[in-house]
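Presented below is the structure to which this report refers.
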Amino acid sequence: MSESEKSAILEALKSVNDPDLGRDIVSLGFVKEVKVCGAAAAVTIELTTPACPVKDQLKEEARQAILGLPGIDEVNVRMTAQVRSSVTEGRPLIPQVKNIIPVGSGKGGVGKSTVSANVAIALAQTGAKVGLMDADIYGPSIPTLMGISEQPVVGSDNQIIPVTKHGVKVVSMGFFLPQDKAVIWRGPMLDKMMAQFLGGVQWGELDYLIIDLPPGTGDIQLSLCQKAPLTGAAIVSTPQDVALNVAQKAIAMFDQLNTPVLGLVENMSFYVCSHCGERDDIFGTGGARRVSEERALPFLGAIPLSSRIRQLSDEGKPVILVDLDSEEAKSFVQVAENLAAQISVQNMSSEVSQEIKVSF
Amino acid sequence: MSDRIKPIPSEIGRANENDIRVLWNDGHESVYRPRYLRLKCPCAGCVDEWTGYKVLNSEAVLKDIVPLSIGLVGRYGVRVQWSDGHSDGIYTFNFLRELCPCQACGG
């Protein structure tokens, strides 16, 4: 292979743009390997997430770009992914975790846990290494949602070994609490628990650690934002609480703590009647999209209100595992892909602007 | 997100033996005398949480107080470990910038 053939291919690939990062894949450094053998070319493209929503599109565009070159009539494009890390500063509490993403809401009952669980599984299914921390100590529902009945064990170094289910490493307060007992703690205890769940768990190497927060803007949220350099938060809301200005409180909190908001998810967005198929916007619809436009935040997707999601969640069989082709599952996959894309955008931009050097 | 573009530090270190130097990502440079910063401690023990009145007795703060270490708090502030054992205050980046004593900032 001559250098000129290689540079011709790189030149051709400059026409392929990543729509989320807004630059071409060559200058982003995604093109890892270029080989030419006679009339056949092979390239490897390394994306910043295996959950890239435009993976297939990029692959096809790259193929067409190279096929447009004279003398090439066969192209093999291999897609891989290397998730970028948002951890750049200081002494991170969990250095092997590349991205920490809290999922929050202004109020309870909007479906944070359901969204967290399904998004975590969706990310894991793309091949990413994913952890799910249930920080909702008041009503830990992740074990139920994920169908986990086993108990985590404690390793030799006194660290908790998370339970792996559906490809996701899970830790929840629900594991340690009898069902009829409640957590009635003041701030310092909550603070300790967050430290334990972050630093005292053998998370191992993770691309994404999703944290299911308790509702509101309290101790746990504050502790988390202080203890760990978070990549950014996802906010779940229903059309209703956006209307009541509650979801905006969660955005304001993360703003104040200088934690980027990666986007909004609208849950219970609409209802499709299982008998007649007619759509009903029970709580109104599109509110979260409107707020994300107002605040210039990404809108990550809308999840329908569906008795199927509720039923399967109660049975511990996330809809995304049971029926991947259903509308419900597709909406979760879309949210997961958009979230992964926003994490990449965040990390690519923070590589230049967010690093803080402390030498003291 | 225009209201979110606030300067954040790019470097935090020592200006000399005792003074603290912060270089901001907008190019501004702040140098803080240790005692000045210690007196501005925003923690609940030094400032009344409800009224905002200063509780800290300035005269009780050592004249030669020095910072022993500085650490980041999340992505929004720093915590200073002072030589008098105090380390409760979290100086948010915004607060720290407001405290900049340089002439251009009105100090």
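Chain naming here is simple, since letters A, B, ... match the order of the sequence lines and numbering starts at 1 in each. Bear in mind the structure is a predicted one, so any value in this text is a computation, not a measurement.
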Rounded distance [0.5 Å steps], CG in A:N258 versus OG1 in B:T92: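 So the CG of A:N258 and the OG1 of B:T92 are separated by 9.0 Å.
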
With a cut-off of 6.0 Å (strictly less than), are more than 12 heavy atoms of other residues, nucleotides or ligands near [atom1] of [X]?
X	atom1	answer
B:R21	CZ	yes
A:K249	NZ	no
A:K192	NZ	no
B:R79	CZ	yes
B:E29	CD	yes

Top contributor to chain B contacts, counting heavy-atom pairs under 4.5 Å, from A:L224, A:V358, A:L230: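 The candidate making the most pairs under 4.5 Å is A:V358.
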
Grab the two heavy atoms, one from [X] and one from [Y], that are nearest each other, plus how far apart they are.
X	Y	result
B:Y76	A:L222	OH-CD1, 3.9 Å
A:Q226	B:I90	NE2-CD1, 3.2 Å
A:T259	B:R75	OG1-CG, 4.2 Å

